[in-house]
Protein chains: 2
Amino acid sequence: MQLQMKGISKNRTTLNATGMRATNQRALILDIIRKEQGHLDADEVYRQARKKLPLLSLSTVYRTLRLFKKLDLVEEIHFDEAHHHYEAKQATEHHHLFCLGCGKVVEFTYPLSHHVKRNIAEAEDFDIIEIEMRMTGFCPKCCQDRQ
Amino acid sequence: MQLQMKGISKNRTTLNATGMRATNQRALILDIIRKEQGHLDADEVYRQARKKLPLLSLSTVYRTLRLFKKLDLVEEIHFDEAHHHYEAKQATEHHHLFCLGCGKVVEFTYPLSHHVKRNIAEAEDFDIIEIEMRMTGFCPKCCQDRQ
DNA sequence: CTCAGTGCAAAAGCTTTGCATAATA
DNA sequence: TATTATGCAAAGCTTTTGCACTGAG
């Protein structure tokens with residue numbers, strides 16, 4: 001069986017390039033995460049994916065997300081909530097603003113990496129792989145509502 | 001029943017000041033988090049606390065940590081692991097380095113807040129409450145081991 | 001054809017909740 | 001004494017795992 005959807009075949013190529021098997025499930029999940037602007041958690045990926053692959057199991061979603069994370073295809077973000085959120089790995093470094101009022105997530109770029117990586121890594125003799133800056137606060141709308 | 005331990009009575013004062021009841025459980029948990037340098041998770045707090053209060057229940061630990069977080073007595077940190085870690089609220093802004101090899105956590109200070117808070121908050125019209133920078137990588141020892 | 005990947009169901013964490021009891025103010 | 005907090009047990013969520021079956025290479 002071959003799925004014929006926009007972007008899917010490109011994803012198959014991506015998957016093949018990593019040496020792992022390009023299954024429909026994996027291609028679809030990668031497609032969903034790449035198309036989606038937001039920051040999906042496992043269950044949201046699952047619900048979206050089942051529209052096209054109704055037999056898909058939640059375990060496969062978890063296994064796939066874990067795999068993608070290891071392969072650096074997706075990034076795991078840690079909000080206040082106990083569970084994880086995922087987004088497609090992007091070229092440009094960006095960070096997250098989390099609104100305590102409405103839960104909205106805003107992405108912003110900030111040239112932190114080069115500067116901090118050099119300074120902190122030297123200071124601490126650490127080999128830095130990743131930087132994640134998470135800011136919480138209130139978005140304009142919620143600022144108003146609180147007054 | 002009154003516990004007589006170093007620091008506990010001071011914690012009772014802290015607790016009373018917030019308007020909530022100063023129970024032995026709360027005083028002890030606050031004491032443990034304040035004395036501990038590391039970043040304890042709920043279960044670690046529980047195990048330590050039971051040495052002195054053997055009947056303490058894990059639910060109380062969770063309820064207390066949630067309360068302390070709301071009262072701004074502790075800070076919740078998000079590592080890769082799915083569960084939360086807690087540390088006593090500190091005056092100086094600091095961030096965390098997490099070693100992917102051995103799991104060690106290093107704290108470091110970096111004057112990020114003032115600069116970023118101003119710049120990003122303006123850019124995004126957000127009212128920033130908190131900044132958390134989390135870096136992952138390999139500590140000196142694990143760097144060596146990997147070669 | 002072979003082995004990696006999947007679905008299902010069950011288990012394993014972590015965290016929250018309901019309720020009777022105990023302790024604080 | 002009037003609430004508030006606790007302990008226990010049970011439930012709720014998110015995530016992982018075992019195993020037989022399916023499908024990609």
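Everything numeric in this text was worked out from a predicted model, so none of it was measured. Numbers restart at 1 for each chain; the letters A, B, ... are given by sequence-line order, proteins then strands.
Residues forming a side chain to side chain donor-acceptor pair (under 3.5 Å) with Thr23(A) (at least two apart in sequence, or on another chain): none. Taking the ring pair (Phe, Tyr, Trp, His ring centres under 6.0 Å) definition, one finds that His95(B) meets it with Phe108(B), sequence neighbours left out. The salt bridge (Lys or Arg N to Asp or Glu O under 4.0 Å) test applied to Glu87(B) returns no partner, not counting sequence neighbours. A search for side-chain contact (heavy atoms from CB on, under 4.5 Å) contacts involving Thr109(B) returns His94(B), not counting sequence neighbours. Partners of Lys89(B) under the salt bridge (Lys or Arg N to Asp or Glu O under 4.0 Å) rule, at least two apart in sequence or in another chain, are Asp72(B). Partners of Arg66(A) under the side-chain contact (heavy atoms from CB on, under 4.5 Å) rule, at least two apart in sequence or in another chain, are Arg63(A). Residues meeting the side-chain contact (heavy atoms from CB on, under 4.5 Å) test with Leu71(A), sequence neighbours left out: Thr18(A), Met20(A), Leu67(A), Leu73(A). In terms of the side-chain contact (heavy atoms from CB on, under 4.5 Å) criterion, residue partners of Tyr62(A) (sequence neighbours excluded) are, by chain and number, Ala42(A), Leu58(A). In this structure, the salt bridge (Lys or Arg N to Asp or Glu O under 4.0 Å) partners of Glu132(A), at least two apart in sequence or on a different chain, are Arg134(B).
Side-chain contact annotation: His78(A) with His85(A), donor-acceptor N/O pair under 3.5 Å absent. In summary, the side chains of Glu36(A) and Gln48(A) do present a donor paired with an acceptor at a separation below 3.5 Å, with no hydrogens or angles considered.
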**OP:** Heavy atoms under 4.0 Å is the rule here; annotate nucleotides 1-7 of chain D 5' to 3' with B where the base is hit, S where only the sugar-phosphate is, and - elsewhere.
**Re:** --BBSBB
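OP1 or OP2 of dG5(C) has not a single side-chain nitrogen or oxygen of Arg66(A) nearer than 4.0 Å. For Tyr62(B), a side-chain nitrogen or oxygen approaches OP1 or OP2 of dT15(C) to under 4.0 Å.
One can place CG of Leu40(A) at 13 Å from P of dT15(D), the figure rounded to the nearest angstrom. Between the NZ atom of Lys70(B) and the C1' atom of dT16(C) there is a distance of 14 Å, given to the nearest Å. Note: NE2 (His78(B)) to P (dT15(C)) measures 10 Å, nearest angstrom.
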Contacts under 3.5 Å, N or O only, protein and nucleotides 11-13 of chain D:
none

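Axis angle between the ends of the helix from dC1(C)-dG25(D) to dA25(C)-dT1(D), five pairs each and rounded to 10 degrees, works out to 40°.
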